[in-house]
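In what follows, a structure is listed as structure tokens, so that the remarks can point back to it.
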Amino acid sequence: MSRYVIGRIGQAALVLWAAFTVSFILLQALPGDAILIKFLNFELGLGPEQIADIRASYGADSPLLVQYVHTVISFLTGNYGYSIHAGVPVGDLILANLPQTLWLATLGFLLSLVLAITLAALSALSPFSWLRSLIQSIPALFISTPVFWLGILLIQVFSFQLKLIPIINPGPWQALILPVLTLAVPISAPLAQILMRNIDHVLTEPFVAVARAKGASHRWVLWKHVAKNAVLPTLTIAGILFGELLAGAVVTEAVFGLNGLGGLTQRSVNDQDIAVLQAIVVFSAAAFVLINLTVDLLYPVFDPRLRVKQGAVA
């Protein structure tokens, strides 16, 4: 068991290093120069020598290998550098924009779970085949709906037509209702599809036939035997989807004008603020890796068969 945990942690660290290295190379290859964008302005009146001094203060005049090593060491010590555009530590920008994205991602994920479980339950309990086929086709509709179009549609219906949710100067919770629904609908689709497929698979297992032979009702079999076994394989995709949400819903935050990691990413791309983009990529990768590592470590807790196999390997 200990070997399994150490191995998963080692893989997580390797993924983080790879994400950092690839993002560093790609960001350095971007055309343009953030320092010139901000400081090469006639109103500032800075000359070439002054801009060169600014470049040196940010370490932008060093060779790429030196910049890479310095950036790695800085990240390991918790120093994410300074934003060229904002002129403040990158860590402060991340902390200022993180709560909005965290609330949006968490609520969107919880709502997507509710939608997915509801669709899977309705499909399993449906007494008619045509109704079951109709319910099973809903996730395909959800996943094919563009996020930006869904967000605009929800604004048009609930804000402009029904006037239920204000889009201008909404309250802190009102501002999250439509964005959460916009995120939850497409995310619920793969969860519902996997749950439906797993339920159908578990229903064909011999122990289900034995339970039915003993006189158990269909609802009781679904709740007592099928649900637990069908949910386990869904943990992996759920962890992946939640990690993607925490990475920052750029489109959703842009549509609704929210100040989160998505909005910060968009502004940083426009300003070519490399330090901010690097920190966002590393944070997103870390959130993705940690969530999936947690899911991997929880698998043996929910499935005793994995504990036996890992104990035999160890």
Side-chain angles (χ1 to χ4, degrees), residues 104-165 176-245 249 251-252 255 295 299 302-303:
L104 179 62
T106 303
L107 295 177
F109 181 73
L110 292 177
L111 181 58
S112 69
L113 285 179
V114 173
L115 292 175
I117 293 173
T118 301
L119 289 174
L122 291 176
S123 174
L125 296 173
S126 175
F128 306 107
S129 59
W130 65 268
L131 181 59
R132 182 178 180 181
S133 299
L134 179 62
I135 295 173
Q136 289 182 344
S137 65
I138 293 177
L141 175 63
F142 283 178
I143 203 171
S144 61
T145 303
V147 175
F148 71 90
W149 181 84
L150 179 61
I152 295 173
L153 177 64
L154 292 177
I155 292 174
Q156 181 67 29
V157 173
F158 290 98
S159 297
F160 296 148
Q161 299 296 328
L162 301 179
K163 302 185 184 303
L164 295 176
I165 302 174
L176 287 174
I177 295 176
L178 295 183
V180 165
L181 186 58
T182 302
L183 277 182
V185 167
I187 291 298
S188 66
L191 291 174
Q193 288 176 330
I194 292 175
L195 272 176
M196 292 175 184
R197 190 179 302 115
N198 291 336
I199 289 174
D200 291 340
H201 174 72
V202 175
L203 284 173
T204 62
E205 294 292 333
F207 66 87
V208 175
V210 172
R212 286 177 172 172
K214 292 181 178 180
S217 65
H218 182 61
R219 291 176 180 268
W220 191 89
V221 169
L222 285 175
W223 175 254
K224 189 68 176 179
H225 296 286
V226 176
K228 180 179 179 180
N229 292 278
V231 166
L232 283 177
T234 314
L235 287 176
T236 300
I237 187 65
I240 293 174
L241 292 174
F242 188 52
E244 291 179 354
L245 288 176
V251 176
T252 302
V255 169
V295 171
Y299 250 106
F302 293 106
D303 193 342

In short, Q193 meets A140 closest at the heavy-atom pair NE2-N, 4.0 Å
When rounded to the nearest 0.5 Å, the distance separating OG1 of T204 from CD1 of I199 is 12.5 Å
dist E205:CD -> L203:CG (nearest 0.5 Å) comes out at 9.5 Å
Here the gap from D200 atom CG to L195 atom CG, rounded to the nearest 0.5 Å, amounts to 11.0 Å
Can you find a heavy atom in the side chain of T182 that is under 4.5 Å from one in the side chain of V255? no
Side chain proximity check, F158 to I177, heavy atoms < 4.5 angstrom: no
Exactly one candidate in L162, V157, I155 meets side-chain contact (heavy atoms from CB on, under 4.5 Å) with S159; the answer is I155
| Between the main-chain N or O of A120 and the side-chain N or O of S123, is there a donor-acceptor pair closer than 3.5 Å? | no
Between A116 and A192 the two heavy atoms that sit nearest each other are CB-N, 3.6 Å
Distance col, row L104:CG vs T252:OG1, nearest 0.5 angstrom, shows 6.5 Å
In short, P190 meets L241 closest at the heavy-atom pair CG-CD1, 3.8 Å
Taking side chain as C-beta onward, heavy atoms only, is V185 less than 4.5 Å from L150?
yes
Correct closest heavy-atom pair for S112 and I187 would be OG-CG2, 3.6 Å
Smallest heavy-atom separation, S188 atom then L115 atom, equals CB-CB, 3.8 Å
Shortest non-hydrogen pair, F142 vs A189, comes out as CB-CB, 3.8 Å
Output for pair (L153 CG, Q161 CD), nearest 0.5 Å, gives 10.0 Å
dist I165:CD1 -> F160:CZ (nearest 0.5 Å) comes out at 12.0 Å
